[in-house]
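Below is one structure, written out as structure tokens; comments come after it.
We number each residue from 1, following the sequence as shown.
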Amino acid sequence: MINSLKQINLKAKTILMRVDYNVPIKNGKVLDSFRIKSSIPTIRYCLNQGASLVLCSHLGRPNGSYDEKYSLIPVGETLADLLESQIKFSNSCISEDSHDVTLGLKPGEVHLLENLRFHKGETENDPEFSSLLAKHGEVFINDAFGTAHRMHASNVGVLKFFHQKGIGFLIENELKYLKQAIQDPTKPFVVVLGGAKIKGKLDLIYHIIPKADSVLIGGGMAFTFLKAKGKGIGKSLVDNSMISDAKKILYEARNHSVKLVLPSDVVISENLDSPKEKLTVSVSNMPDEMGGYDIGNETINKFGEIISNAGTILWNGPMGVFEKEDFAGGTRGIAEICAKGKEINQTVIVGGGDTASAVNQFGLASEMSHVSTGGGASLELLSGNQLPAILALEKP
Ligand code: AMP
């Protein structure tokens, strides 16, 4: 059994909490604060219970040594703004000075530690590093869903140093929605997939096909399926090593009577970077010298009709290169259709990473039932795999 936050007496305790503040940063400013905002309910609850909090996180891949561009200082500034109070910050997560700051914390105070991955011990799950990190609290709470598929010191190694440990509201919510999606979705269950790579989503596709009623495929990965069906795809993204898997998936879908729907029209251009000539064409008429970078209106409407009749919608992967306004229409169109789900009692679950960024960018995140904060972790869970950091918390 995993303890939830409300099962633990937090009054006057110092809590070490693993959070996921792996956020994009440019010129010392946080570009997307979704993950930081998502940690606030758990933080506020702990502080209101009279606890003091030590927060730890990784940011990027600094490979075990200090690198200013991966410092959590900008995150600390955003966090202080969101909490509307000052927080303490330590330049090392395991130094004596940082332990002293923790010892001096009063109830209601927050101490953010510098990037865990400035020390090799974090990703190596080193016992010495884990014991030094564990000195920061009497209670351990994991609320970092984005790293739950990793077995690191801050989410697995530290656990043996704590009697009182559990998960925060963010992880609790992620498990509730993502497990429900694969175990007990309200029917019809519609899965919308997109993005560039098929490879990372293969396990999910095979796991979900027997449970889904419809699978709608857009984004760059659709072209590998279209090629597998014998269509000309011009200069569009294709993974030739996945053609046989694509054929197998098309076969599996037929075998399970699952409606697998591919785009019927796409937005094409000669060049992704400076689209002089942007056209929408049928997938049967793709010129050799152009590439497809978004789904067209006919496809948005076709997908939209199926989505509107769903009970549960699981969406993972953008429909086009949404980072460029010229090719954001398909992803925005699908996001707008999904955003109407609340009114008609649909459960709309948006998988992490780029799709979460897209719905946040369109200002539609709050309209979804759940937007996952974890890319890799949500894919693992939706593929039916266990998450090591969650499994480790189940042990006494
Ligand atoms: P993934 O990590 O596989 O989910 O891929 C996400 C990326 O796929 C985003 O950065 C999109 O820009 C990209 N993407 C979506 N559609 C296309 C497309 N038609 N061609 C190339 N890239 C695409």
Side-chain angles (χ1 to χ4, degrees), residues 1-22 39 42-43 45-46 49 51-59 61-64 72 90 92-105 110-172 174-175 373-374 376-377 380-381 385-396:
M1 261 301 279
I2 298 186
N3 287 317
S4 66
L5 209 51
K6 291 193 174 167
Q7 289 169 299
I8 305 173
N9 180 5
L10 304 173
K11 193 170 167 59
K13 298 272 172 59
T14 306
I15 303 170
L16 174 64
M17 190 189 296
R18 178 55 160 107
V19 284
D20 179 8
Y21 289 164
N22 184 28
S39 73
T42 304
I43 293 177
Y45 176 83
C46 293
Q49 295 294 304
S52 52
L53 263 184
V54 183
L55 302 174
C56 61
S57 175
H58 77 285
L59 174 65
R61 295 186 174 174
N63 290 328
L72 282 169
S90 285
S92 160
C93 58
I94 50 167
S95 64
E96 257 183 65
D97 281 354
S98 72
H99 291 134
D100 288 345
V101 173
T102 294
L103 278 177
L105 286 179
V110 177
H111 177 200
L112 175 65
L113 304 176
E114 183 55 286
N115 195 340
L116 293 160
R117 290 195 191 165
F118 286 169
H119 303 263
K120 280 202 165 59
E122 163 63 356
T123 51
E124 290 173 359
N125 194 9
D126 174 57
E128 174 67 15
F129 178 81
S130 301
S131 83
L132 288 170
L133 187 64
K135 282 174 79 175
H136 281 289
E138 317 159 73
V139 174
F140 175 76
I141 297 294
N142 188 356
D143 217 16
F145 181 70
T147 42
H149 58 315
R150 306 273 183 230
M151 205 184 282
H152 290 165
S154 66
N155 61 0
V156 175
V158 290
L159 295 179
K160 71 171 183 217
F161 301 98
F162 292 91
H163 289 298
Q164 287 186 295
K165 50 200 161 190
I167 51 173
F169 299 140
L170 183 153
I171 288 197
E172 207 176 330
E174 295 272 12
L175 296 179
T373 54
E380 286 292 322
L381 206 58
N385 299 328
Q386 301 271 19
L387 301 176
I390 307 299
L391 260 189
L393 270 167
E394 277 171 4
K395 294 192 189 126

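At least one donor-acceptor pair under 3.5 Å links the side chain of Glu138 to the backbone N or O of Thr14. The closest donor-acceptor contact from the side chain of Glu380 to the backbone of Leu387 lies at 3.5 Å or more, if one exists at all. A donor-acceptor distance shorter than 3.5 angstrom exists from the side chain of Glu122 to the backbone of Ser154, with no hydrogens or angles considered. Between the Thr42 side chain and the Phe169 main chain, a donor and an acceptor come within less than 3.5 Å of each other. With Gln49 contributing its side chain and Cys46 its backbone, the two residues share no donor-acceptor pair below 3.5 Å. Looking only at distances, a side-chain donor or acceptor of Asn155 sits under 3.5 Å from a matching main-chain atom of Arg150. Between the side chain of His99 and the main chain of Leu132, a donor-acceptor pair closer than 3.5 Å is present. A donor-acceptor pair is defined here as one N or O able to donate and one able to accept, closer than 3.5 Å; such a pair exists between the side chain of Asn115 and the backbone of Leu59.
The heavy-atom pair separating Ile8 from Gly166 by the smallest distance is CD1-N, 4.1 Å. Across all their heavy atoms, Ile171 and Ala144 have their closest contact at CD1-N, 3.7 Å. Looking at every heavy atom in both residues, Asn125 comes nearest to Ala153 through OD1-CA, 3.3 Å. Scanning both residues, Asn142 and Leu393, for their nearest heavy atoms gives CB-CD1, 4.0 Å. Taking all atoms of both residues into account, the shortest heavy-atom contact from Tyr21 to Ser39 is OH-OG, 2.7 Å. Considering all non-hydrogen atoms of both residues, Ser92 and Glu114 come closest at N-CB, 4.0 Å.
Looking at Ile141, Thr147, Leu133, Asp143 one by one, the single match for side chain to side chain contact (heavy atoms under 4.5 Å, CB included) with Arg18 turns out to be Thr147. For the side chain to side chain contact (heavy atoms under 4.5 Å, CB included) criterion with His136, the lone passing option out of Val158, Leu105, Thr102 is Thr102.
No more than 12 heavy atoms of other residues, nucleotides or ligands lie within 6.0 Å of NZ in Lys135, so this atom counts as exposed by the packing criterion. For Glu96, the CD atom is loosely surrounded, since the number of other residues' heavy atoms within 6.0 Å does not exceed 12.
Two residues are said to be in side-chain contact when any heavy atoms from C-beta on lie closer than 4.5 Å; Lys13 and Gln164 meet this criterion. Proximity of Leu170 to Val19: side-chain heavy atoms (C-beta onward) are nowhere separated by under 4.5 Å. At a threshold of 4.5 Å between non-hydrogen side-chain atoms, the residues Cys93 and Phe118 do not count as touching.
From His58, atom NE2 reaches atom CG of Asn22 across 3.5 Å, with rounding to the nearest 0.5 Å. Taking NE2 of His152 as the reference point, atom OG1 of Thr123 lies at 5.5 Å (rounded to 0.5 Å).
Judged as a side-chain contact (heavy atoms from CB on, under 4.5 Å), and not counting sequence neighbours, the contacts of Asp126 are Glu128, Phe129. When the side-chain contact (heavy atoms from CB on, under 4.5 Å) test is applied to Val101, the partners found at least two apart in sequence or on another chain are Lys88, Ser90, His111.
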